Amino acid sequence: MMFIGILGVEFRLHGNESLKDKRRVASSIKQKARNKFNVSVAEVGSENDMGRLSLALVSVSNDKRHLESRLGKCLSMLEAVCPEEMVYSEISIEGGEMP
């Protein structure tokens, strides 16, 4: 079995005055998640909106419980370390037999 987990998060950015400020916040969050949880991270859907940051964090595992735990801990870490307001989060796990 192979499971793919996706953690979607959205932050409301207060006080950002440029896309450069937004990229600084995004880079910090992305690097922390990659370093601690070895997940892939990409900005999705809100690239040119200075007041909103949407990220997708993805991980793959052969153990669904381990994957759920990893993404849950990643979400907790993001809530703790990011000074921005998290307005949305969702964890989705897909799985199936490999061909």
Side-chain angles (χ1 to χ4, degrees):
M1 285 293 258
M2 175 181 67
F3 296 96
I4 300 170
I6 302 169
L7 168 59
V9 293
E10 183 175 317
F11 296 93
R12 181 163 295 127
L13 307 177
H14 301 284
N16 276 344
E17 300 196 10
S18 69
L19 288 175
K20 185 176 180 180
D21 289 341
K22 179 182 177 180
R23 298 292 178 256
R24 182 183 42 76
V25 171
S27 293
S28 174
I29 293 171
K30 289 162 46 171
Q31 196 59 47
K32 287 174 184 174
R34 285 181 187 129
N35 288 346
K36 185 152 178 89
F37 296 99
N38 193 27
V39 293
S40 296
V41 187
E43 187 174 349
V44 293
S46 63
E47 292 87 358
N48 293 319
D49 183 347
M50 289 187 293
R52 198 177 81 181
L53 174 63
S54 299
L55 298 174
L57 298 89
V58 180
S59 186
V60 177
S61 178
N62 63 350
D63 184 338
K64 184 176 181 178
R65 285 184 303 165
H66 175 73
L67 189 55
E68 289 170 339
S69 174
R70 179 186 307 157
L71 293 177
K73 289 176 183 176
C74 187
L75 176 59
S76 295
M77 186 268 306
L78 292 176
E79 291 174 327
V81 302
C82 184
E84 304 298 338
E85 177 187 7
M86 184 181 292
V87 294
Y88 171 82
S89 66
E90 180 180 11
I91 295 176
S92 171
I93 307 288
E94 301 290 329
E97 294 289 330
M98 290 180 43

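Here the structure is a predicted model, which is why all the values come from computation and not from measurement.
Closest heavy-atom contact between G5 and L67: N-CD2, 3.3 Å. For the pair E84 and H14, the tightest heavy-atom approach, listed with the atom from each and the gap, is OE1-N, 3.4 Å. Pairing each heavy atom of V87 with each of R12, the nearest pair is CG1-NH1, 3.5 Å.
We find the CG-SG distance between L57 and C74 to be 5.0 Å, quoted to the nearest 0.5 Å. The distance from the NZ atom of K64 to the CD atom of E94 is 9.0 Å, given to the nearest 0.5 Å. The CG atom of L71 sits 9.5 Å away from atom NE2 of H66, with the distance rounded to the nearest 0.5 Å. Taking CZ of R52 as the reference point, atom CZ of F11 lies at 13.0 Å (rounded to 0.5 Å). Atoms CD1 and OG, on I91 and S59 in that order, are 11.0 Å from each other to the nearest 0.5 Å.
Following chains of ILVMFWY side-chain contacts shorter than 4.5 Å, one can reach V81 starting from V25, so the two form part of one hydrophobic cluster. One hydrophobic cluster, built from ILVMFWY side chains closer than 4.5 Å, holds both M86 and L13. I93 and Y88 fall into different hydrophobic clusters, defined by Ile, Leu, Val, Met, Phe, Trp and Tyr side-chain heavy atoms under 4.5 Å apart, directly or through other members.
The number of heavy atoms from other shown groups lying within 6.0 Å of CG (N35) is above 12.
Looking at I29, V9, L53 one by one, the single match for side-chain contact (heavy atoms from CB on, under 4.5 Å) with C82 turns out to be I29.
Ion pairing between a basic and an acidic side chain is recognised when a charged N comes within 4.0 Å of a carboxylate O; K30 and E43 show no such pairing.
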